[in-house]
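Here's the structure, in structure tokens; my notes come after.
If you're wondering where the values come from, they're calculated on a predicted model, not measured in any experiment.
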Amino acid sequence: MSLASRAFRFGVNMLAVGDITSWRDRVRRAGELGYDVLLVPDHLGIPSPWPALAVAAQASGRLRVGTFVLNAAFTNPALLARDAATVDQLSDGRVEIGIGTGYAREEFESAGIDYLAPGRRVDHLAATVQKARSLLSDPEFTPRPVQARIPLLLGGNGDRVLRLAAEHADVVGYTAARTSRDGALSPLAAAEFAERVAFARDAAGERADAIEWNLLMQIVAVTDDPVAVAEEHIARWELTMSPQEFLDLPSVLIGPAPDLAGRLVELRATTGISYITVLEPVCEQFAPVIARLREIDGTR
């Protein structure tokens, strides 16, 4: 199956800030390496997303900036709309909102927020998104964003979240992992992920080709010995799978740069996924893959 596809887009999820000089330098470096979106996650123990993104937007006049992803339980619609609109003003219209239900029980407990059952967390996410969208589209709401519609990414894996995303989001973010009742993540095998993709695209219906589909690559390594790298990860995490099974995980990208570029081209053709996110520690080594894919798309 080959799907209608858009040009690749690349995001880098930043896990630390540091002092303002190093932060600005790292933001600019991400732009030089070919990334399109500078992202900050929403977890306790790492920097708050919105202040970091406001500074990032000033450091780079090209990169879009976004949350990847906000925990809906850590905010409310009015605060979300205010913060997003403020940074949209400061970035001259380059903000993107990524949001999900939140999953890490210990973070809820540390914040003194009830860790609700999965269904109730999805209910809260849906209500938060609906109200924030309503506020941002209200001409009387202030501060006013620059963008007429700030792009919205909804991320998750379960039926209800994927259905909500497919029906309402501009970008659907796959986690390629299931979450236990206590918030522990475990990766999906290739066949399981293919089922999630089919489910989400079916839920999107006629919107499927208008949606931008995203995948976070949890592990990336550009190497000529992928089996050895896979074996290291298997031993580190005490996994019960073969190196090839590990290499076939949808959220794992290990191998020579040309092979990784080819795998992402195939992924786009079979799933529609064109927006790829990586974590900052692999920002530099993933850059040659970006360059190859720009050549393929003719967008260098």
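Cluster annotation: Leu164 and Leu162 are assigned to the same hydrophobic cluster (Ile/Leu/Val/Met/Phe/Trp/Tyr, side-chain heavy-atom contacts under 4.5 Å, transitive). A chain of hydrophobic side-chain contacts below 4.5 Å, direct or via other Ile, Leu, Val, Met, Phe, Trp or Tyr residues, connects Val12 to Phe286. Hydrophobic clustering, with ILVMFWY side chains joined whenever heavy atoms are under 4.5 angstrom apart, keeps Val252 apart from Leu267. Linking ILVMFWY side-chain heavy atoms closer than 4.5 Å, directly or via other members, places Val278 and Val40 in a single hydrophobic cluster. Taken together through direct or relayed side-chain contacts under 4.5 Å among Ile, Leu, Val, Met, Phe, Trp and Tyr, Leu264 and Ile254 form parts of separate hydrophobic clusters.
A salt bridge is defined here as a Lys NZ or Arg NE, NH1 or NH2 lying under 4.0 Å from an Asp or Glu carboxylate O, and Asp159 with Arg196 meets this definition. Asp297 has no carboxylate O lying under 4.0 Å from a charged side-chain N of Arg294, or vice versa, which leaves the two without a salt bridge. In summary, Arg121 and Asp114 do not engage in a salt bridge, as defined by a charged side-chain N under 4.0 Å from a carboxylate O. Ionic pairing of Glu96 and Arg9 is present here: one or more N-O contacts between side-chain nitrogen and carboxylate oxygen are shorter than 4.0 angstrom. Taking the charged nitrogens against the carboxylate oxygens, Arg207 and Asp202 have no contact shorter than 4.0 Å, which rules out a salt bridge. Using a 4.0 Å cut-off between charged side-chain N and carboxylate O, Asp170 and Arg149 make a salt bridge.
Judged purely by atom type and a 3.5 angstrom limit, Ser137 uses its side chain to pair as donor or acceptor with the backbone of Arg133. Within the 3.5 Å criterion, the main-chain N or O of Ala208 finds a donor-acceptor partner in the side chain of Trp213. A donor-acceptor pair under 3.5 Å links the side-chain atoms of Asn13 to the main chain of Phe68, judged by distance alone. Listed for the Arg64 side chain is no donor-acceptor partner under 3.5 Å among the backbone atoms of Val37.
Ala210 and Arg6 get closest at one heavy-atom pair: O-NH2, 2.9 Å. Shown here for Ala7 and Thr299, the closest heavy-atom pair between the two residues is CB-CG2, 4.4 Å. The shortest non-hydrogen separation linking Glu212 to Ser274 is CG-OG, 4.2 Å. Of all heavy-atom pairs spanning Leu135 and Arg144, the tightest one is O-NH1, 4.0 Å. For the residue pair Trp23 and Ala56, the shortest heavy atom distance occurs at NE1-N, 3.8 Å. The two residues Pro281 and Leu15 come nearest to each other via the heavy atoms CD-CD1, 4.3 Å.
Using the six-membered ring where Trp is involved, His233 and Phe246 have ring planes that are parallel, under 30° apart on the 30 and 60° scheme.
Side-chain contact check for Arg120 versus His124: every heavy-atom pair is 4.5 Å or farther apart. Residues Phe74 and Leu79 form no side-chain contact, since every pair of their non-hydrogen atoms from C-beta on lies 4.5 Å or further apart. Contact check for Val171 versus Leu152: no side-chain heavy atoms found under the 4.5 Å cut-off. Residues Val265 and Ile296 have side chains in contact (heavy-atom distance under 4.5 Å, counting atoms from C-beta outward). Looking at heavy atoms from C-beta onward, Leu80 lies out of side-chain contact with Leu136 at the 4.5 angstrom threshold.
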Worked verdict on Thr67 versus Asp42 for side-chain hydrogen bond (donor to acceptor under 3.5 Å, both in side chains):
CA-CA 7 Å; Thr67 55; Asp42 185 21; over 6 Å; no
side-chain contact (heavy atoms from CB on, under 4.5 Å) evaluation trace for Arg94 with Asp88:
CA-CA 6 Å; Arg94 286 180 283 133; Asp88 203 51; 5.7 Å; no
Could you go step by step and tell me if Arg201 and Asp209 meet the salt bridge (charged side-chain N to carboxylate O under 4.0 Å, His left out) rule?
CA-CA 9 Å; Arg201 293 190 65 91; Asp209 288 339; 3.2 Å; yes
Checking salt bridge (charged side-chain N to carboxylate O under 4.0 Å, His left out) for the pair Arg29/Glu32: CA distance, chi angles, key distance, verdict?
CA-CA 5 Å; Arg29 182 57 177 160; Glu32 292 169 357; 3.2 Å; yes
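Heavy atoms of other residues, nucleotides or ligands lying less than 6.0 angstrom from CD of Gln130 number 12 at most. Other residues, nucleotides and ligands contribute at most 12 non-hydrogen atoms within 6.0 Å of the CD atom of Glu266. In the displayed structure, Arg178 atom CZ is contacted under 6.0 Å by more than 12 heavy atoms of other residues, nucleotides or ligands. Within 6.0 Å of the CZ atom in Arg181, the count of heavy atoms belonging to other residues, nucleotides or ligands does not exceed 12.
In this structure, CG in Leu249 is found 8.5 Å from CG in Leu239, a value given to the nearest 0.5 Å. Atoms CG and OG, from Leu38 and Ser91 in turn, are 11.5 Å apart once rounded to the nearest 0.5 Å.
For Gln58, the side-chain contact (heavy atoms from CB on, under 4.5 Å) partners two or more places apart in sequence, or in a different chain, are Leu90. Every side-chain contact (heavy atoms from CB on, under 4.5 Å) that Ala176 has, sequence neighbours left out, goes to Phe193, Leu215, Pro250, Ser251.
A side-chain contact (heavy atoms from CB on, under 4.5 Å) with Asn214 holds for exactly one of Val172, Thr277, Thr175; it is Thr277.
Other cluster members for Ile46: none, since no ILVMFWY side-chain heavy atom sits under 4.5 Å from it.
Thr128 and Asn76 share no side-chain donor-acceptor pair at under 3.5 Å.
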